[in-house]
Amino acid sequence: MNITKILINWYSINKRVLPWRKTKNPYHIWLSEIILQQTQIKQGLPYYEAFISKYPNVLSLANAPESEVLKLWQGLGYYSRARNLHASAKYIVNDLNQEFPDTYKTLLKLKGVGDYTASAIASICFNEPAAVVDGNVYRVLSRFYGIDTPINSSKGIKFFKALAQDIIDENNPGDYNQAIMEFGAVQCKPANPDCNLCPLTQDCVAYRNNNVQELPVKIKAKKPQKKFFNFLVFISDSETTVLEKRKGKGIWENLYQFPLLESDKSLTEKSIKEILKDYKLTKNSSYKLTLFNQDEIIHKLSHQHLYAKFWILNVSELPQAVTPVPISKINDYAVPVLIGNFIEAFNF
DNA sequence: AACGCGGGGTC
DNA sequence: GACCCAGCGTT
């Protein structure tokens with residue numbers, strides 16, 4: 001038996017029961033695929049349920065405000081996925097008359113849908129033989145065929161896509177695609193795969209060469225940068241605070257945070273007070289400054305390590321030119337996990 | 001071709 | 001600490 005048939009057989013026996021495996025509704029499949037980009041099933045599953053429940057179809061998603069979509073996405077990370085999901089829903093409703101794209105080529109026109117996601121939707125929903133290549137597929141193919149071309153080089157990306165396309169089951173592309181991914185997730189795992197109960201060992205080159213653990217090869221990422229974040233948590237006598245919407249291209253675009261002082265190194269109370277002189281805080285310029293966390297909170301992201309301090313700033317009135325947020329409404333705003341954890345811990 | 005983008009998980 | 005996860009868009 002060849003690898004294609006073995007994988008499909010294995011999948012028919014071993015596949016996990018998941019809500020998006022009960023449907024071919026392209027809206028549902030699309031939503032699941034966006035949520036699962038760079039995200040494990042365990043983490044994404046509750047978000048899928050919440051989105052299906054709140055937005056049962058593409059029209060309801062398109063009609064929602066972006067702020068509400070981001071709030072529902074809160075905690076999942078890679079927030080451009082939520083913004084692009086929402087923008088694409090509007091595109092489908094406004095430009096495509098609510099008709100979901102049904103080919104690899106037209107699916108690619110959706111923001112946030114690249115080669116992987118277009119192939120997944122086209123194959124699962126529309127039976128188009130487009131091979132998916134995700135982290136699982138790279139691992140299974142690099143080991144089975146013994147290929148040490150780096151999977152994140154342009155050469156590797158092309159090579160593995162062509163290889164996957166070569167072995168796809170043209171008559172059953174959706175099941176084949178899901179089979180090889182599920183196999184990578186459950187059997188051919190990154191660390192300590194149990195090759196003793198693997199149905200592919202007969203022809204697995206890495207198994208024969210005893211270098212399963214060395215594959216796939218990946219060009220190493222550079223180390224994350226350190227950044228120092230000082231948040232100013234205003235609390236006025238009338239129980240209001242200040243949140244600002246993050247703009248620009250960096251992390252957490254369009255999410256909310258307390259006013260931020262970013263620096264190259266840790267700021268002291270003295271330097272915070274120095275900066276506050278320029279704020280013209282209140283009519284009588286009196287305030288009380290308290291550091292909430294004596295030790296910096298270290299928030300680790302893939303590309304940055306954030307060292308955060310939350311400064312509580314009790315004032316009689318908020319500064320001019322800010323929109324006050326009633327503290328009672330603070331949980332209506334989409335915030336990064338770092339901010340959300342603080343709000344929960346501080347308990348206002 | 002290289003980089004930025006989150007947060008949770010394993011080993 | 002290193003690495004991974006149903007990747008994508010930008011430069």
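Quick note: numbers below take in every heavy atom, side chains included, and nothing from hydrogens, waters or symmetry partners. Chain naming here is simple, since letters A, B, ... match the order of the sequence lines and numbering starts at 1 in each.
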Tell me: [atom1] of [X] to [atom2] of [N], nearest whole Å?
X: A/D194; N: B/dC11; atom1: CG; atom2: P; result: 13 Å
X: A/E33; N: C/dA6; atom1: CD; atom2: P; result: 11 Å
X: A/H305; N: C/dA2; atom1: NE2; atom2: P; result: 9 Å
X: A/Y47; N: C/dA6; atom1: OH; atom2: C1'; result: 17 Å
X: A/Q37; N: C/dA6; atom1: CD; atom2: P; result: 12 Å
X: A/I157; N: C/dC8; atom1: CD1; atom2: P; result: 11 Å
X: A/I219; N: B/dC3; atom1: CD1; atom2: P; result: 10 Å
X: A/D115; N: C/dG7; atom1: CG; atom2: C1'; result: 10 Å

Nearest to side-chain heavy atoms of [X], which nucleotide of [options]:
X: A/W252; options: C/dC4, B/dG6, B/dG9; result: B/dG6
X: A/N84; options: C/dG9, C/dA6, C/dT11; result: C/dG9
X: A/T39; options: B/dG6, B/dG7, C/dA6; result: B/dG6
X: A/K223; options: C/dA2, C/dG7, B/dC3; result: C/dA2
X: A/N192; options: C/dC8, B/dC11, B/dG8; result: B/dC11

Under 4.0 Å between any heavy atoms, over every strand shown, what does [X] touch: base, sugar-phosphate, or nothing? Just pick one.
X: A/K189; value: nothing
X: A/Q304; value: sugar-phosphate
X: A/G44; value: nothing
X: A/V132; value: nothing
X: A/V113; value: sugar-phosphate
X: A/L76; value: base
X: A/S153; value: nothing
X: A/G184; value: nothing
X: A/W73; value: nothing

* Asked: Could a donor-acceptor pair under 3.5 angstrom be found where the side chain of A/S80 meets the base of C/dG9?
  ->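 Result: no qualifying N/O pair found.
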
* Would you say the side chain of A/Y78 and the base of B/dG6 hold a donor-acceptor pair, judged only by whether the two atoms sit under 3.5 Å apart? ->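 Answer is yes: a donor-acceptor pair is held.
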
Output yes when at least one side-chain N/O atom of [X] is less than 4.0 Å from OP1 or OP2 of [N], else no.
X: A/K220; N: C/dC3; result: yes
X: A/W30; N: C/dA6; result: no
X: A/K300; N: C/dG1; result: yes
X: A/Q38; N: C/dG7; result: yes
X: A/H303; N: B/dC3; result: no
X: A/R139; N: C/dC5; result: yes

* Integer angstrom distance from the P of B/dC5 to that of C/dA6 ->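 Comparing P positions in B/dC5 and C/dA6 gives a spacing of 23 Å.
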
* Asked: Expressed in whole Å, how much space separates the P atoms belonging to C/dT11 and B/dG6?
  ->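 Result for the P pair: 15 Å, nearest Å.
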
* Is A/K270 paired with A/E274 through a side-chain N to carboxylate O contact shorter than 4.0 Å? ->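 Looking at A/K270 together with A/E274, the answer is no, because their closest N to O distance does not fall below 4.0 Å.
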
* To do: Answer yes or no: is there an ion pair linking A/E296 with A/K226, defined by an N-O contact shorter than 4.0 Å?
  =>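 A/K226 and A/E296: not salt-bridged.
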
* Asked: Within a reach of under 6.0 Å around CG of A/D166, are more than 12 heavy atoms found that belong to other residues, nucleotides or ligands?
  ->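 Counting other residues, nucleotides and ligands, CG of A/D166 exceeds 12 neighbours.
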
* **First of A/V335 and A/Q225 reached from the 5' end of DNA chain B, by closest nucleotide** =>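 Result: A/Q225.
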
* Asked: In terms of the nearest nucleotide of DNA chain B, which residue is placed more toward the 5' end: A/K155 or A/G75?
  ->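 Taking each residue's closest nucleotide, the earlier one in sequence belongs to A/K155.
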
Checking side-chain polar atoms at under 3.5 Å, does [X] have a donor or acceptor matched by the opposite partner on [Y]?
X: A/Q37; Y: A/T117; value: yes
X: A/Y116; Y: A/E33; value: yes
X: A/N63; Y: A/S60; value: no

* A/F346 and A/F292 aromatic centres sub-6.0 Å ->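 Here the rings of A/F292 and A/F346 have centres that are less than 6.0 Å from each other.
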
* Asked: Can you check side-chain hydrogen bond (donor to acceptor under 3.5 Å, both in side chains) on A/Y55 and A/E68, steps first, answer last?
  -> CA-CA 11 Å; A/Y55 309 121; A/E68 187 184 279; 2.7 Å; yes

* Taking for each residue the nucleotide of DNA chain C with the nearest heavy atom, is it A/K249 or A/E182 whose nucleotide lies nearer the 5' end? ->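 It is A/E182, whose closest nucleotide lies nearer the 5' terminus.
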
